[in-house]
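Before any comments, here is the structure.
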Amino acid sequence: MLILNLMVYIIFKRYMYKKDDAAMKFLVVNITKDVLWMAISLMLIEKARPNFIFLVVCFVISSCLMYWSVIKLINKS
């Protein structure tokens, strides 16, 4: 998850930052990544409740940290 988030952040920083609708483009890329990650994780993880809760917590924390970083960066510009 960390690697995927870093890849999305680097793509945002290199190709989208300081361009028109940078936040919306980031949102589309990040949501697509999150949906793919969640789908693959649900296929690979056991269908037990503790594993699912752990997956959801990781997803929420990593997404919030990513959005916070991007919003902070956009607000500086």
Side-chain angles (χ1 to χ4, degrees):
M1 183 60 152
L2 181 63
I3 294 170
L4 293 175
N5 281 342
L6 286 174
M7 287 173 43
V8 169
Y9 186 74
I10 290 169
I11 289 170
F12 168 75
K13 193 94 166 165
R14 286 188 183 167
Y15 302 110
M16 294 180 219
Y17 183 56
K18 294 190 178 181
K19 300 225 169 50
D20 293 338
D21 296 325
M24 293 304 291
K25 291 175 185 174
F26 167 77
L27 189 62
V28 168
V29 170
N30 196 45
I31 288 176
T32 303
K33 182 257 320 166
D34 289 341
V35 168
L36 288 173
W37 178 80
M38 187 65 86
I40 291 169
S41 297
L42 287 174
M43 283 189 269
L44 298 177
I45 200 167
E46 293 179 28
K47 299 298 181 196
R49 184 175 176 89
N51 291 336
F52 181 74
I53 291 173
F54 174 74
L55 186 68
V56 169
V57 169
C58 288
F59 173 76
V60 169
I61 291 172
S62 64
S63 291
C64 289
L65 291 173
M66 176 78 90
Y67 289 125
W68 179 69
S69 300
V70 169
I71 289 170
K72 193 168 109 177
L73 188 65
I74 289 173
N75 284 337
K76 283 183 182 179
S77 61

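Please read all numbers here as calculations on a predicted model, not as lab measurements.
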Inset, instruction - State yes or no: do L65 and I11 share one hydrophobic cluster built from I, L, V, M, F, W and Y residues joined by side-chain heavy-atom distances below 4.5 Å, directly or via other members? - result: no
Legend entry - Nearest-0.5 Å distance that lies between atom NZ in K19 and atom CZ in F12: 10.5 Å
Inset, instruction - Working to the nearest 0.5 Å, report the span between CG of D21 and CG of L27. - result: 11.5 Å
Inset, instruction - Write down the atom of M66, the atom of V8, and the distance for their closest heavy-atom approach. - result: CE-CB, 4.0 Å
Legend entry - Backbone N/O of D20 and side chain of K25: donor-acceptor pair under 3.5 Å: yes
Legend entry - Rounded distance [0.5 Å steps], CZ in F26 versus OH in Y17: 13.0 Å
Inset, instruction - Please examine the side chains of M7 and I3, heavy atoms only from C-beta on, and report whether any two atoms are closer than 4.5 Å. - result: yes
Legend entry - Atom OH of Y67: over 12 foreign heavy atoms under 6.0 Å: yes
Legend entry - Rounded distance [0.5 Å steps], OG in S63 versus CH2 in W68: 15.0 Å
Legend entry - Side-chain heavy atoms of K33 within contact of L36, under 4.5 Å: no
Inset, instruction - Look at the side-chain heavy atoms of Ile, Leu, Val, Met, Phe, Trp and Tyr, link any pair under 4.5 Å apart, and say whether V70 and V60 land in one connected group. - result: no
